[in-house]
Number of protein chains: 2
Amino acid sequence: MPGQHAAAGDDRAAGSRRSRPTGHDVAGAAGVSQATVSLVLGGKWEGRVSARTAEAVRAAARELGYRPNLAARTLRLGRTRTALLVVPALTNDFFATVHRGAVEVARAHDFGIVLYPSPEGINAAPDPFASARTALDGVIASSMAPEALAALRGEGLPLVMLDADEGSGDATVNIDLADGMRQVVAHLRELGHHRIAHIAAAVDSWTFEARADALHEELRASSAALVRTERAALSVADGLEAATRVLTAAPSRDGAPTALVCDDDLLAVGALKAARRLGLRVPEDVSVTGVDDVALATAVEPELTTVRLPAEQVGRAGMRALLAVLDGQRVEAARLPVQLVVRGSTGPSPHP
Amino acid sequence: MPGQHAAAGDDRAAGSRRSRPTGHDVAGAAGVSQATVSLVLGGKWEGRVSARTAEAVRAAARELGYRPNLAARTLRLGRTRTALLVVPALTNDFFATVHRGAVEVARAHDFGIVLYPSPEGINAAPDPFASARTALDGVIASSMAPEALAALRGEGLPLVMLDADEGSGDATVNIDLADGMRQVVAHLRELGHHRIAHIAAAVDSWTFEARADALHEELRASSAALVRTERAALSVADGLEAATRVLTAAPSRDGAPTALVCDDDLLAVGALKAARRLGLRVPEDVSVTGVDDVALATAVEPELTTVRLPAEQVGRAGMRALLAVLDGQRVEAARLPVQLVVRGSTGPSPHP
DNA sequence: CTCTCGACGTTTTACGTATAACTGACCTCG
DNA sequence: CGAGGTCAGTTATACGTAAAACGTCGAGAG
């Protein structure tokens, strides 16, 4: 029976003080040393500990609800089996899905993923390492502004870049948006469109430059005219403004565009609104396409014709690439396929 | 000049091996002991270290780019100044904004926030502690299914619940959705609506029960009829289906509803699509309201009349409540105000 | 002159884990 | 029968930090 003021100190085996049980507590309960507990629970006991003892240790651990202290493990090992996923914003379900894919692979390899949503949007220099609150083994990051990327690289951690310039990280997982643009242009050409406008994202990020380059290339190759380009921040409201400028401008020498190719679904939805406000019917008077296939794309009327990105595969491939880099392997750049999803926002050109 | 195979061991002060510099390295550079470094950088040096020495230490730390090893600190202190934020999904920008608010307060108090998006949606039992990969001081969680909540409570960590039953955590930050429903009903009554249908979220979560109760109460109080209730999962597609059922059903004794009150903006957007597909005009033939005021609400045509939730305040209040709980204070339940935002999806009743 | 006290640091210790190095007991084989 | 080997563990140690406990030196009090 404990006295009025209990003598602190011994009797660790009881383990019932207040804190979580430690490896020593498990060892006491199982009648072995802490080292044996660590061996057994770490799975490296074959040939070092008898099967009967191992089972006893596992039983004791289960009984006490033991879970190793991650801080202690990290301190000892110097690595955390944890990766940071840097995304521009949480609202875009593309990145939510990327996250899901990455988590799926990470889990299978006993890795954790900490999510860092850059609070100020895609262009902000991230300070993820203060925020993550834990040491990190590596980083997976989506396309971002050069300064932000430089800050990230400066940390010296293994870095996998998603949808970014090859060579900007230790590995790259890309999306074949050039092919996406090819499919978009082919689709529009088939519908008779040959005067096309581009609503471009006004974001300093490799992926959008690549989209523009690919679009220009394809238009040239299919001898369609790029009537006009307007830039807009990545939001429905800015897309609306930019599309309004395009649709109300004095026709250029080639005439008004019959199709608006948007860098992103948000911009495309803005374009739909712009057309409606100007009394134009979609797709009868003007066709609109996006990129991403976010949930929003099917929420609007008409539903959006868009390029579906393999978000979950991107996440999975990103995590796999990071694991390979950590393993010292050389990783070749991936380039994942995309698929045009034709819905109601594109139709035959009014002026074929 | 180092020999061919350098003798490992001493010369820590140089610190230029490969790893991050430690407190010992800083101490060596500043000509003091590691303990002094810890005191100075920990800010508790007043009266224990001279101002000149303190400055020397800070200079050395800056020079070497020293940042304390979080694992070691955690191991020593047993707490991490890190909170877990459990949200049902990332796609909803309500939660993205909650996160932003929580981060803002956390940052001011040198706290970190780790985001845990329950991968399987709001009803899944979370396993955040394996995923977080770091010890946690407390948890902020949004409304969730009872089993998931029980699992979370079982961890024994301080718990702040958002938009949930009071008493389900150590503190609660609520949203005055009862008042929101009051405003919705008042608005609709003013427009002459008295036959109203409810598109309810088919989610086992306190907040949606509360919304239903409040709606029923308000309808009774204003002598309007609840013509019908349909339940739907939280998506545009399910909202569309549910609204279609409502709008095509044989009119009940009270006649067809002239307004659809939806538990959520996603459902409301689904309702907009359903109306359009059935050839009904919004708001001329039927009015629609949502709750949340997510970005989607202004992306659709007509824009959605909805109840704007104070997402950022919820996040801030949640983090503040957690800090207070950790500080041992008793926290009274908050109840944050909401605001009806009237847009184009509501209009005068066709049958006043 | 001694005693005390404050200012300024240093030495030491604990945190919980993973693993290298070590210890006996038992077995095998020349 | 003893040298070496395997099995089944144990003991000892390092990781980097925070903070309690412990000097040391000079100044002022008695």
Side-chain angles (χ1 to χ4, degrees), chain A residues 8-10 12-13 15 17-28 30-57 60-61 64 66-81 110 133-135, chain B residues 8-10 12-13 15 17-57 60-61 64-81 110 133-135:
Chain A
D10 53 45
R12 290 303 294 265
R17 281 261 276 297
R18 69 199 184 288
S19 204
R20 289 235 309 260
T22 75
H24 290 94
D25 298 328
V26 175
V32 298
S33 75
Q34 176 267 327
T36 304
V37 172
S38 188
L39 283 174
V40 171
L41 268 36
K44 337 197 155 173
W45 57 279
E46 318 214 19
R48 321 240 311 119
V49 176
S50 73
R52 203 152 52 89
T53 306
E55 188 44 49
V57 168
L64 296 178
Y66 169 72
R67 269 180 316 185
N69 181 319
L70 292 174
R73 171 181 290 174
T74 298
L75 182 55
R76 178 71 231 271
L77 296 181
R79 55 209 154 73
T80 51
R81 302 191 74 76
D110 189 32
R133 287 278 157 174
T134 181
Chain B
D10 53 47
R12 289 301 295 264
R17 281 260 277 299
R18 70 200 182 288
S19 203
R20 288 235 308 262
T22 76
H24 290 93
D25 298 327
V26 176
V32 297
S33 75
Q34 176 267 327
T36 303
V37 172
S38 188
L39 282 175
V40 171
L41 269 36
K44 335 198 157 174
W45 56 279
E46 317 214 21
R48 322 240 311 118
V49 176
S50 72
R52 205 152 52 90
T53 307
E55 188 43 49
V57 168
L64 296 177
Y66 169 71
R67 269 180 316 184
N69 180 319
L70 293 174
R73 171 181 288 174
T74 299
L75 181 55
R76 177 70 232 270
L77 297 182
R79 60 213 149 70
T80 50
R81 301 191 74 75
D110 189 32
R133 285 279 158 175
T134 181

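Since this is a predicted model, take the numbers as computed values, not measurements. Chain letters run A, B, ... following the sequence lines, proteins first and then strands; every chain starts at 1.
For B/Glu46 and C/dA7, a side-chain-to-base donor-acceptor distance below 3.5 Å is absent, hydrogens and geometry of angles not being considered.
Rounded to an integer number of Å, the gap from OH of B/Tyr66 to C1' of D/dG16 is 7 Å. Residue A/Gln34 contributes atom CD, which lies 14 Å from atom P of D/dT13 at whole-angstrom precision. Straight-line distance from the CG atom of A/Leu75 to the C1' atom of C/dT19: 14 Å, rounded to whole Å. Rounded to an integer number of Å, the gap from A/Asn69 CG to C/dG16 P is 7 Å. Distance, A/Arg67 CZ to C/dG16 P: 15 Å, rounded to whole Å. Distance B/Trp45 CH2 to C/dC8 C1': 12 Å, rounded to the nearest Å. For the pair A/Glu55 CD and D/dA8 C1', the computed distance is 17 Å after rounding to whole Å. For the pair A/Leu70 CG and C/dA18 C1', the computed distance is 14 Å after rounding to whole Å.
For B/Thr22, the listed nucleotide lying nearest its side chain is D/dT17; candidates were D/dC15, D/dT17, C/dT11.
The distance from atom OG1 of A/Thr53 to atom CD of A/Glu55, rounded to the nearest 0.5 Å, is 10.5 Å. With rounding to the nearest 0.5 angstrom, the CZ atom of B/Arg73 is 11.0 Å from the OG1 atom of B/Thr80.
In this structure, B/Ala72 and B/Ala54 both approach DNA chain C, and ranking their closest nucleotides by distance from the 5' end singles out B/Ala54. Take the nearest nucleotide of DNA chain D for B/Leu39 and for B/Ala71: the residue whose nucleotide is more 5' is B/Ala71. Along DNA chain C, the nucleotide nearest to B/Ser50 and the one nearest to B/Leu77 differ in position, and the one closer to the 5' end is contacted by B/Ser50.
When the side-chain nitrogen and oxygen atoms of A/Lys44 are compared with OP1 and OP2 of C/dA18, none of them lie within a distance under 4.0 Å. The side chain of A/Ser38 places an N or O atom within less than 4.0 Å of a non-bridging phosphate oxygen (OP1 or OP2) of C/dA18. When the side-chain nitrogen and oxygen atoms of B/Arg73 are compared with OP1 and OP2 of D/dA18, one or more of them lie within a distance under 4.0 Å. Between A/Thr53 and the phosphate of D/dG9, there is a side-chain N or O to OP1/OP2 separation shorter than 4.0 Å. Checking the phosphate oxygens (OP1, OP2) of D/dA8, no side-chain nitrogen or oxygen of A/Thr36 falls inside 4.0 Å.
Across all strands, B/Gly42 comes closer than 4.0 Å to no nucleic acid atom at all (heavy-atom distances). The residue B/Val32 sits close only to the backbone: its heavy atoms come under 4.0 Å of sugar-phosphate atoms, none of a base.
Partners of A/Ser38 according to the side-chain hydrogen bond (donor to acceptor under 3.5 Å, both in side chains) rule, which considers only residues two or more places apart in sequence or in another chain, do not exist here.
Between B/Thr22 and B/Asn69, every side-chain heavy-atom pair lies at or beyond the 4.5 Å cut-off.
B/Leu41 approaches B/Ala61 most closely through the heavy-atom pair CD2-CB, 4.1 Å.
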